[in-house]
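Scroll down for the structure; my scribbles are underneath it.
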Amino acid sequence: HRIGHTTSITTAPWPAYDPAQLVDSEIELPIQIQGKLRTRVKVPSDATPADIERIVLESAEVRRQVEGKTIRKVIVVPGRMVNLVVG
């Protein structure tokens with residue numbers, strides 16, 4: 001009442017929210033090489049495992065880490081992480 005409001009906060013309606021704003025358009029995935037966390041890469045949240053693998057392998061940091069090594073296996077856990085086995 002001191003700052004000019006005429007009604008009590010107890011009678012005010014709850015704030016509205018937009019459920020579409022709660023959905024992330026991109027997520028950040030940790031990238032492990034030989035079981036050790038090396039970097040993180042942002043990918044679209046609706047990306048398929050093949051898309052995620054392509055984005056990770058195109059990353060400059062990942063290319064630097066595996067330079068001169070053979071990638072033996074790429075393990076993609078969608079929404080969680082990517083692990084590269086190199087030799």
Side-chain angles (χ1 to χ4, degrees):
H1 289 286
R2 290 184 196 165
I3 59 174
H5 296 284
T6 58
T7 59
S8 172
I9 193 169
T10 60
T11 60
W14 282 96
Y17 71 96
D18 182 9
Q21 297 294 323
L22 299 175
V23 178
D24 290 331
S25 62
E26 72 177 11
I27 56 174
E28 186 177 66
L29 296 177
I31 309 302
Q32 290 185 343
I33 300 174
Q34 294 297 91
K36 295 182 181 176
L37 179 64
R38 301 295 182 181
T39 187
R40 296 177 185 273
V41 174
K42 289 192 177 195
V43 297
S45 60
D46 59 348
T48 64
D51 292 337
I52 293 171
E53 181 177 338
R54 181 183 49 78
I55 292 168
V56 167
L57 294 177
E58 290 175 355
S59 166
E61 179 63 23
V62 171
R63 284 188 300 191
R64 187 182 70 74
Q65 293 281 338
V66 298
E67 186 177 355
K69 299 175 185 168
T70 304
I71 298 175
R72 304 226 184 250
K73 193 173 200 180
V74 179
I75 303 165
V76 178
V77 182
R80 302 296 302 252
M81 65 172 282
V82 178
N83 192 359
L84 302 174
V85 179
V86 297

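What you see is a predicted model; the values in this text were computed from it and never measured.
When all heavy atoms are compared, the tightest approach of Leu37 to Pro30 is CD1-CB, 3.5 Å. Considering every non-hydrogen atom in both Thr7 and Thr11, the closest pair reads CB-OG1, 4.2 Å. For the pair Gly87 and Arg72, the tightest heavy-atom approach, listed with the atom from each and the gap, is CA-NE, 3.7 Å.
Put simply, the side chain of Val85 does not reach to within 4.5 Å of the side chain of Val74, judged on heavy atoms. Between Asn83 and Ile31 the shortest side-chain heavy-atom distance does not fall below 4.5 Å. For the pair Lys69 and Ile71, the minimum side-chain heavy-atom distance is 4.5 Å or more. Side-chain contact between Gln32 and Met81 is present, with at least one heavy-atom pair separated by less than 4.5 Å. Residues Thr39 and Val62 form a side-chain contact, since some pair of their non-hydrogen atoms from C-beta on lies under 4.5 Å apart. Residues Val56 and Ile52 meet the side-chain proximity criterion, which asks for heavy atoms closer than 4.5 Å.
The residues Glu67 and Arg63 are annotated as not salt-bridged, no charged nitrogen and carboxylate oxygen being separated by less than 4.0 angstrom. Between Arg64 and Glu61, at least one side-chain N (NZ, or NE/NH1/NH2) sits under 4.0 Å from a carboxylate O, which counts as a salt bridge.
When the side chain to side chain contact (heavy atoms under 4.5 Å, CB included) test is applied to Ile55, the partners found at least two apart in sequence or on another chain are Val41, Val43, Pro44.
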CA sep, side-chain torsions, deciding dist, call: Leu29, Arg40, side-chain contact (heavy atoms from CB on, under 4.5 Å): CA-CA 5 Å; Leu29 296 177; Arg40 296 177 185 273; over 6 Å; no
field: side-chain contact (heavy atoms from CB on, under 4.5 Å) evaluation trace for Asp51 with Asp46
entry: CA-CA 10 Å; Asp51 292 337; Asp46 59 348; over 6 Å; no
- prompt: Taking it one step at a time, do Val82 and Val77 satisfy side-chain contact (heavy atoms from CB on, under 4.5 Å)?
  reply: CA-CA 6 Å; Val82 178; Val77 182; over 6 Å; no
- request: Assess whether side-chain contact (heavy atoms from CB on, under 4.5 Å) is satisfied between Ile3 and His5, documenting all intermediate values.
  value: CA-CA 6 Å; Ile3 59 174; His5 296 284; 3.5 Å; yes
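Checked by atom type and distance alone, the side chain of Asp18 pairs as donor or acceptor with a backbone atom of Ala20 at under 3.5 Å.
Paired with Leu84 under the rule side chain to side chain contact (heavy atoms under 4.5 Å, CB included), one option of Val76, Ile33, Ile75 passes, and it is Ile33.
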